[in-house]
Structures are given as structure tokens and as C-alpha cells.
Amino acid sequence: MSASDIQHADTDSDGDPTGWDAVRELPPSAKLVAKVLEYNDTLTQSQLADETLLPPRTVRYALNRLEEVGVVDSRFSFADARKRIYTLRIE
């Protein structure tokens, strides 16, 4: 087995970075949102905006970027179905 056959632990099957390596390549707003989610289990978009002091539009952009690289999960809130709850998927 050659070195090229061994896949790096922090990459997916396409060789793209995963986990915190993927977050490292994102804009500062996405890094901040990821860090806030790391310390809080689940938050809504408005709670993230309050915690990070970022505008809601910036939080929305950051969450979209984090979802693109697969480090954030979202689901509908049971308390208010109009809201989504976000959770970080990085160990």
C-alpha cells in the first residue's frame, strides 16, 4: 500500500477537508458561529445572532457555508416549527 492509497483522516472520499479542517478554510463569521455552536448544544438562528453579535444575514450566510461542508445539522424546532435548530457535528 503506497502513501497515496492511505486517505488522510480529516478528508472525505474526494479528498476535501472535513471537520475543523473544513471550518478553517471558511470565512471568519462561519468560524465564529461554529465556535459558538461548539459551546452550546443547539441554537436557533436568532440565538446565534444574539450570541455572536453578528447581523442575522451574516449568521444565515455562515450557517449555509457550514452546512455546505457538512459540519452543521439543522432540524425544525418542536416548540416553534417556523424556526430551525442548529447543531455542530464535529467531535
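The structure presented is a predicted model; accordingly, all values stated were derived computationally and were not measured.
Tyr86 places none of its side-chain heavy atoms less than 4.5 Å from the side chain of Gln47.
Hydrophobic clustering, with ILVMFWY side chains joined whenever heavy atoms are under 4.5 angstrom apart, groups Ile90 together with Val33. In the hydrophobic clustering of ILVMFWY residues, with side-chain heavy atoms under 4.5 Å counting as a link, Trp20 and Leu63 come out together. Linking ILVMFWY residues whenever their side-chain heavy atoms come closer than 4.5 Å, directly or via other members, leaves Val71 and Ile85 in distinct clusters.
With sequence neighbours left out, the side-chain hydrogen bond (donor to acceptor under 3.5 Å, both in side chains) criterion links Ser77 to no other residue. Under the salt bridge (charged side-chain N to carboxylate O under 4.0 Å, His left out) criterion, Arg89 pairs with Asp73, sequence neighbours left out.
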query: Yes or no on side chain to side chain contact (heavy atoms under 4.5 Å, CB included) for Thr87 and Val72, after CA distance, side-chain angles and deciding distance?
result: CA-CA 6 Å; Thr87 307; Val72 168; over 6 Å; no
Check: residues 50-62 side-chain donor-acceptor pairs under 3.5 Å, at least two apart:
| unit_1 | atom_1 | unit_2 | atom_2 | d |
| --- | --- | --- | --- | --- |
| Thr52 | OG1 | Leu48 | O | 2.7 |
| Thr52 | OG1 | Leu54 | N | 3.3 |
| Tyr61 | OH | Arg65 | NH1 | 2.8 |

Can you give me every donor-acceptor pair (side chain of residues 35-43, partner residue at least two apart or in another chain, under 3.5 Å) with its distance?
| unit_1 | atom_1 | unit_2 | atom_2 | d |
| --- | --- | --- | --- | --- |
| Lys35 | NZ | Glu38 | OE1 | 2.8 |
| Asn40 | ND2 | Val36 | O | 2.9 |

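Taken to the nearest 0.5 Å, the OG atom of Ser74 stands 11.5 Å off from the CG atom of Leu66.
Judged as a salt bridge (Lys or Arg N to Asp or Glu O under 4.0 Å), the pairs with a partner in residues 74-85 (not counting sequence neighbours) are, in order, Asp80-Arg82.
Considering every non-hydrogen atom in both Val23 and Ala34, the closest pair reads CG1-CB, 4.1 Å.
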